[in-house]
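Chain letters run A, B, ... following the sequence lines, proteins first, then strands; residues in each count from 1. Only this structure's heavy atoms are used, side chains among them; waters, hydrogens and symmetry mates stay out.
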There are 2 protein chains.
Amino acid sequence: MTSRIKKAVAKSKLFVSEELENYDKGRAMQNNELFQYLSNTEKQIHSVLKSSHVRAYLKPEDILESVFSYIDRPAKRLRPSVLLMAAGALGGPDREELALPAAAGVELFHTWTLVHDDLIDNDTLRRGGPTVHEAMCTAAQNKQSITTNLATEYGRDVAILTGDMQHGWAITSFVDCALESGINSTLILKLIKHLQSYVLGNLIFGEVLDVRYGMQDLTELKDIDENKIVEMLWLKTGVLYKFAGMAGALIGKDTCNFEDDEVQAITQFASKCGTAFQLQDDILGILGDEASLGKPIGSDIREGKKTVIVYESLKNANESQRKMILSILGNRLATTDQVQAVSELFYELNGIGRTRDLAAKYISDAIPYLNEISDSRYKRLLLLWANYMLDRKF
Amino acid sequence: MTSRIKKAVAKSKLFVSEELENYDKGRAMQNNELFQYLSNTEKQIHSVLKSSHVRAYLKPEDILESVFSYIDRPAKRLRPSVLLMAAGALGGPDREELALPAAAGVELFHTWTLVHDDLIDNDTLRRGGPTVHEAMCTAAQNKQSITTNLATEYGRDVAILTGDMQHGWAITSFVDCALESGINSTLILKLIKHLQSYVLGNLIFGEVLDVRYGMQDLTELKDIDENKIVEMLWLKTGVLYKFAGMAGALIGKDTCNFEDDEVQAITQFASKCGTAFQLQDDILGILGDEASLGKPIGSDIREGKKTVIVYESLKNANESQRKMILSILGNRLATTDQVQAVSELFYELNGIGRTRDLAAKYISDAIPYLNEISDSRYKRLLLLWANYMLDRKF
């Protein structure tokens, strides 16, 4: 990585809004508080999932292995964390604890979308290990002498069914929030309905747009502009963050009123943070570090992913830069040097800068919503968590 | 079709048990009663689905079109019918009406499994039209000039996401049974949990076994026997019929007690009928008629599907018959004449007969369970419905 790019990474870690600046004193200590919370959440979620009664229905062994493969790898668990913090912010530690199965449900819901998304994107790595379809293709080839085509189909089939099973399990986990934790049944039914219609519909809308944008010839990006890309990011990512914040807030406050002021404040906060998360994710896809990200650097470039980075860079490019970018973007066989050259152009042409500014804007728009709720440890954690959306390196 | 095979089809329509013989008087009229009920259910289910609030979340237009493609084609709706008949049998017409969103939920649940199953099996036809992945592949090619590979991937991607959306919608429909129809919330939560863990887990187990059996070399069927094939059929099909019967019974009786005698009677009845349905489906896959089945005849033979028909026929074949069957089974390019020759051997070697006997046995084991419930129009319909499992030609 060149020193110029290193500087860009360092810059992306700066605080971005006045509200956040107020939290700058003793920041190291506070970040420590957030990391402890995230690490504790990771342990809790993992333990809930490992000891679930659903385990008995994960058959045969390839499904059991695949269903747990992403779950068993280290992950940030940002979605269940915001759910739990929101529950704590409006209901204190007791409600936070009761919300645990819902938090596990959100993590499972996110996981099944990753499994299907990885298959759709033909990705080979996730969280530092092979994707489900890749692992099962290899396993089939190792077990019996079959053709590469048959093994690829087996990988595809198991990945589809693994995601389907995790989808079901996510809902089961929400149901447990009522039947086991004793959260109001009507609230849980409303949350499941919202997740399975509004959230799922928007997620799938975003996913199809992503697939379609990916198929479009880069030389004629006439149907795509920055707003459309950001809308697609929100659909693919923001909508589930929004749901996580909302579900936590409703469970925390023990209300079925989705329009409650405090609930709405946390919902909008989480929604905006979700878009910022995805914008930062796109930056890390270019500037990040393979070891900590757990996926190959440059894959966004080789896949020709349509991001704000690409859109802004092409807008600002001269003819020769434009030609250079277009010749490499979407080329699955591009060399490391070619990927590196495009990354540098993305930085030079303000693709990275524009994306970082947008992410920062979403976070600074999100923060004031929290004025609606009382100060507490959970509110502090939510603010640190919002900041971490820009701060994170993986 | 040869006259010998025609006779086999005719024979498969005979009544199979004493209990059913009692219903033989005025059978034509009674069958009319069943067909009117099924036709009415089809209209109701279709109308519930077409007017659903979920429609607003089916975006973009390829998803809207794909989500409705199987739903809009004529279908038997046997699963929602058994749910409604069970609700009527234990609760009368009022409870039957309240169960409608649950019946629509079971139909949607079945539909998403078809969409994913068709992709997994690389099938091209369903209910007389193209499968979702096939239709979307063609649509992509018609819309823009892209490679066949890209179009095939687009078809695959939309089919995965279409099934995912229908899966979510199925659950939403169950939730509506509580929030809109006013069915007990705890019961609906328990049903959703059962569907998303026990039922889904078993369905996926069956699907993976089916994929694996399909990959096994036919010359060494050492891991497969009749019991294993029938178990796989139950997993793939019986378990959802069982759930449909059980859900209807619980909603009809307005109880959360899954172990209630009447509920259990209907549950076991539906479970056994489900296996019979799939056995008859395998017979129709060989002897059926393309126009009424809506899928190409011989596809089971060309796919090399491992059925009781295949297992029994190979068991009884001499060396030259065995060679002949093995040379054609699983050959995707087999001619109509070759498929026809194998079909005749399946009849001659008792593959068809054994399967028909097994289906009949499951139905005659199912019928006595209904002694547990009081006589009514719904009980009569359930008996006719069970008989129809063997009787049906599509």
Side-chain angles (χ1 to χ4, degrees), chain A residues 52-54 56-60 62-63 112-113 116 119-120 122 140 144 146 150 153-154 156-165 167-172 174-176 178-179 185-186 188-190 192-205 207-209 211-212 215-217, chain B residues 52-54 56-60 62-63 112-113 116 119-120 122 140 144 146 150 153-154 156-165 167-172 174-176 178-179 185-186 188-190 192-205 207-209 211-212 215-217:
Chain A
S52 166
H53 60 89
V54 173
Y57 304 115
L58 305 177
K59 290 178 285 189
D62 281 356
I63 290 290
W112 82 256
T113 66
H116 283 188
L119 174 61
I120 287 171
N122 301 306
Q144 50 185 131
I146 51 172
L150 259 187
E153 282 197 6
Y154 185 73
R156 174 197 71 180
D157 300 346
V158 175
I160 293 172
L161 298 170
T162 296
D164 292 340
M165 188 68 223
H167 185 171
W169 187 6
I171 302 308
T172 301
F174 271 91
V175 170
D176 282 340
L179 298 182
S185 292
T186 305
I188 293 299
L189 284 167
K190 285 188 172 184
I192 291 173
K193 179 170 172 167
H194 192 73
L195 179 62
Q196 293 288 57
S197 50
Y198 170 85
V199 176
L200 180 61
N202 280 312
L203 262 170
I204 284 173
F205 184 24
E207 187 75 20
V208 176
L209 289 183
V211 170
R212 282 212 201 147
M215 283 164 68
Q216 276 195 38
D217 193 334
Chain B
S52 166
H53 60 89
V54 172
Y57 304 115
L58 304 177
K59 290 178 288 188
D62 282 356
I63 290 290
W112 82 256
T113 66
H116 282 187
L119 175 61
I120 287 171
N122 301 307
Q144 51 185 130
I146 51 172
L150 259 187
E153 281 197 7
Y154 185 73
R156 174 198 70 180
D157 299 346
V158 175
I160 293 172
L161 298 169
T162 296
D164 292 341
M165 188 69 224
H167 185 171
W169 188 5
I171 302 307
T172 301
F174 270 93
V175 170
D176 282 340
L179 298 182
S185 292
T186 304
I188 293 299
L189 285 167
K190 285 189 172 182
I192 291 173
K193 179 171 173 168
H194 191 74
L195 179 61
Q196 294 287 57
S197 50
Y198 170 84
V199 177
L200 180 60
N202 280 313
L203 263 170
I204 284 174
F205 185 24
E207 188 74 21
V208 176
L209 290 183
V211 170
R212 281 212 201 146
M215 284 164 66
Q216 277 195 39
D217 194 334

Between [options], the one whose heavy-atom pairs under 4.5 Å with chain B are most numerous:
{"options": "Leu195(A), Val158(A), Thr162(A), Leu119(A)", "answer": "Leu119(A)"}
{"options": "Leu209(A), Leu179(A), Thr113(A)", "answer": "Leu179(A)"}
{"options": "Ile204(A), Thr186(A), Leu58(A)", "answer": "Ile204(A)"}
{"options": "Phe174(A), Tyr154(A), Trp112(A)", "answer": "Tyr154(A)"}
{"options": "Val54(A), Leu150(A), Asp157(A)", "answer": "Asp157(A)"}
{"options": "Leu189(A), Leu203(A), Ile160(A), Ile63(A)", "answer": "Leu189(A)"}

Return the [atom1] to [atom2] distance between [X] and [Y], rounded to the nearest 0.5 Å.
{"X": "His116(B)", "Y": "Leu161(A)", "atom1": "NE2", "atom2": "CG", "result": "8.5 Å"}
{"X": "Arg156(B)", "Y": "Glu153(B)", "atom1": "CZ", "atom2": "CD", "result": "4.5 Å"}
{"X": "Lys190(B)", "Y": "Ser185(B)", "atom1": "NZ", "atom2": "OG", "result": "12.5 Å"}

Which portion of [X] sits near chain A, non-hydrogen atoms under 4.5 angstrom:
{"X": "His53(B)", "result": "side chain"}
{"X": "Ile146(B)", "result": "side chain"}
{"X": "Ile171(B)", "result": "side chain"}

task: Could you pull out all residues at least two apart from Asp62(A) that satisfy salt bridge (Lys or Arg N to Asp or Glu O under 4.0 Å)?
output: Lys143(A), Arg212(B)

- line: Between Ile188(A) and Ala178(A) the two heavy atoms that sit nearest each other are CG1-CB, 3.7 Å

task: Check the pair Gln196(A) / His167(A) against side chain to side chain contact (heavy atoms under 4.5 Å, CB included), numbers first and verdict last.
output: CA-CA 10 Å; Gln196(A) 293 288 57; His167(A) 185 171; 3.1 Å; yes

query: Got a sec, which residues hit side chain to side chain contact (heavy atoms under 4.5 Å, CB included) with Ala170(B), two or more places apart in sequence or on another chain?
result: Leu108(B), Phe109(B)

